[in-house]
Amino acid sequence: MTPVQPVRGTQSLLGEDADRLATVVAAFDRVRRLYGFKRVEVPTIEHTAVFARTIGETTDVVSKEMYTFDDRGGESITLRPELTAGICRAYLSEGWQQYAPLKVAAAGSAFRYERPQKGRFREFHQLDAEIIGAAEPQADVELLAFADQLLKELGIEGTILKLNTLGDPETRSAWRDALHEHFRGHAPALSEDSKNRLERNPLRILDSKAHQDWPVVDSAPTIDEFLTSEAADFFGKVTTGLDAAGIKWERAPRLVRGLDYYRHTAFEFITDRLGAQGTVLGGGRYDGLVESIGGPHTPAVGWAAGIERLAMMIGAPGPEVPVVVIVPLGEGANAAAQRLLADVRRNGIAADMAYRGNMKKRLSRANDAGASYALILGDVELESGEAQLKNLATGEQRSVAFDRIVETLRS
RNA sequence: GCGAUCGUAGCUCAGCUGGUUAGAGCAUCGGUUUGUGGUACCGAGGGUCGGGGGUUCAAGUCCCCUCGAUCGCCCCA
């Protein structure tokens, strides 16, 4: 392994590829303002317990994917594998409880030690939206509307909102027990993967990709049989709210989420365009999370989206193209060229300067940059006070007085 | 962590069953044209063939290990 090799699963992006990520974040920031979500910044590192307790000790994320290390003071520190837990920690430690219900949005990198593949990296970037301290179904609806509008503003077609409820804690544990019993009864018929899931996380067998699991899954008890009337009522309010807001959704009774903190509403926006990484945005209600790190009972909902995954689905942002490239000729022209360049740029016109090679090279650079005009500035022009403005598309060229260049380029 | 495919120049790739100094296109740089781009022509630089070991008279080509990439499983955004 040579020193110039990047760390596995990290990315170094140039030009359009980097612009794509920036475009996604810019759209997120625009929509987030429309919905009244405050921007927050939280640390990249937290005490390990922040993630271990909230996400769940037995989940894969915590048990084998976190970047955890002891710092020089001997404290166990973890690079965040997601943004939600850190935001909730800040909600408690920074006194943000006074703003409840608090709507916040964040964007940043997260880290998981996984095998990289399409749309999956070890250092990746997430968009995150949370409403903390709101038990009302209106919060779920608002959050989903935000997600829906973001995808539309990004011009992403063909995602489907899959929606489910995991019920309240009683519902969830009753359902879980029933599933456990059902699957254990049919254990011999299950795939190896699902046999392993049996004790660890029976809910996950529901969305197994192994065909041999299908029949057993189909005959499994559904959440609806266990919903308490409160839980059913809550879910009903969420769905009628979505319908009222004109947000299309599909019921996915077998949708479960991997992290332990989810309750009630659970959802994913999925696509078939990203291979195995079909979930582009996902989240749900996590009423128990804040309590799990020592805070008061605090109802909350949120979602996270993969910036890279969204970036792969948007149209290519155009490159930045200068309107004009200044071509100085000879030492004497450099100062005047710098002055003109600064002047043009300060007037909001994208401009560049070709300062290497002979004139042929310099014009060639102007052409390659995609400029509309080249502005030629040599001894002759310095004396006359008029530069040569060449239209690179038509080839036509004319003299323009130095002090009329900005005006001419604008027209 | 498991499986499959792959790794030759900055990029995209060629290199037949192992056989002389490893090739092309694009890109870069120089020239034809030292004040006129887009097209054309000529030329140059750039490679420990991912890395290590082995088989062989001979390895880019075969075998093993390793690192990496891609896709899938697991899991998740």
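Just so we're on the same page: letters track the sequence lines, and every chain starts at 1.
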Taking atom [atom1] as the centre, does [X] end up with more than 12 heavy-atom neighbours from other residues, nucleotides or ligands that are less than 6.0 angstrom away?
X     : atom1 : value
A:D29 : CG    : yes
A:I45 : CD1   : no
A:R33 : CZ    : no

Would you mind classifying the nucleic acid contact of [X] as base, sugar-phosphate or nothing, using non-hydrogen atoms under 4.0 angstrom?
X      : value
A:A110 : nothing
A:G330 : nothing
A:G9   : sugar-phosphate
A:G283 : nothing
A:A366 : nothing

Mark yes or no for a side-chain to base donor-acceptor pair under 3.5 Å between [X] and [N], with no hydrogen or angle criteria applied.
X      : N      : value
A:Q388 : B:rU36 : no
A:N367 : B:rG37 : yes
A:R204 : B:rC76 : no

Is the phosphate of [N] approached by [X] (side-chain N or O, under 4.0 Å from OP1 or OP2)?
X      : N      : value
A:Q117 : B:rU70 : no
A:K390 : B:rG37 : no
A:R120 : B:rC74 : no

For [X] and [Y], does a side-chain donor sit closer than 3.5 Å to a side-chain acceptor?
X      : Y      : answer
A:Y91  : A:E130 : no
A:S173 : A:R176 : no
A:T171 : A:D168 : yes
A:T68  : A:T78  : yes
A:R404 : A:T408 : no

Exercise. Regarding A:R122 and the six-membered ring of A:Y113, is the cationic atom NZ or CZ under 6.0 Å from the ring centre and inside 45° of its axis?
Worked result: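 Yes - A:R122 lies over the ring of A:Y113, closer than 6.0 Å to its centre and within 45° of its axis.
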Exercise. Please, which pairs that meet salt bridge (charged side-chain N to carboxylate O under 4.0 Å, His left out) have at least one residue in residues 304-321 of chain A, sequence neighbours excluded?
Worked result: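 Of all non-adjacent pairs touching residues 304-321 of chain A, none passes salt bridge (charged side-chain N to carboxylate O under 4.0 Å, His left out).
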What's the gap between [N] and [M] when it is taken at their [atom1] atoms, as a whole Å value?
N      : M      : atom1 : value
B:rG54 : B:rU17 : C1'   : 22 Å
B:rU12 : B:rC71 : P     : 15 Å
B:rG45 : B:rU39 : P     : 25 Å
B:rU55 : B:rC65 : C1'   : 15 Å
B:rC62 : B:rG19 : C1'   : 14 Å
B:rA69 : B:rC29 : C1'   : 31 Å
B:rA4  : B:rA14 : P     : 23 Å
B:rG47 : B:rC13 : C1'   : 14 Å

Exercise. Could you give the CZ-to-P distance, from A:F124 to B:rC76, as a whole number of Å?
Worked result: 12 Å
Exercise. Taking CG from A:L203 and P from B:rC75, how many angstroms apart are they, rounded to a whole number?
Worked result: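 In whole Å, B:rC75 P lies 12 Å from A:L203 CG.
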Exercise. Between A:R251 and A:D224, is there a salt bridge with N-O shorter than 4.0 Å?
Worked result: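 Salt bridge between A:D224 and A:R251, a charged N being under 4.0 Å from a carboxylate O: yes.
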Exercise. Does A:E192 come within less than 4.0 Å of A:K195, counting only side-chain N to carboxylate O?
Worked result: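 Here A:E192 pairs with A:K195 in a salt bridge, since their nearest N and O are under 4.0 Å apart.
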For this session: Apply ring-ring contact (aromatic ring centres under 6.0 Å, His included) to A:F269 and A:W303, showing your working.
Result: CA-CA 10 Å; A:F269 283 83; A:W303 54 250; 8.2 Å; no
For this session: Would you confirm whether A:R80, through its side chain, and A:V42, through its main-chain N or O, come within 3.5 Å as a donor-acceptor pair?
Result: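 Flag set: sc A:R80 to bb A:V42 pair under 3.5 Å.
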Problem set entry | Main-chain N/O of A:V217 paired to A:H186 side chain as donor or acceptor, under 3.5 Å | no
Problem set entry | Nucleotide-level pairing of RNA chain B, given in dot-bracket where Watson-Crick and G-U pairs need both distances under 3.5 Å and | marks other strands | (((((((..((((.....[...)))).(((((.......))))).....(((((..]....))))))))))))....
Polar pairs (N or O, both sides) under 3.5 Å between protein and nucleotides 2-6 of chain B?
unit_1 : atom_1 : unit_2 : atom_2 : d
B:rC2  : N4     : A:R115 : NH1    : 2.8
B:rG3  : O6     : A:R115 : NH2    : 3.2

Exercise. Which parts of residues 371-382 of chain A get close to RNA chain B, meaning a heavy atom less than 4.0 angstrom away?
Worked result: A:I376, A:G378, A:D379, A:V380, A:E381
Problem set entry | Contact list for RNA chain B against residues 400-410 of chain A - heavy-atom distance below 4.0 Å |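 Residues of residues 400-410 of chain A under 4.0 Å from RNA chain B: none.
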For nucleotides 39-44 of chain B, give me every protein contact, N/O to N/O, under 3.5 Å, one pair per line with atom names.
none

For this session: Could you check which of B:rC75, B:rA77, B:rU36 has an atom nearest any side-chain atom of A:D60?
Result: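 Of B:rC75, B:rA77, B:rU36, B:rC75 is nearest to the side chain of A:D60.
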Problem set entry | Minimum heavy-atom distance between A:W214 and A:S208, given as atom pair plus value | CZ3-O, 2.7 Å
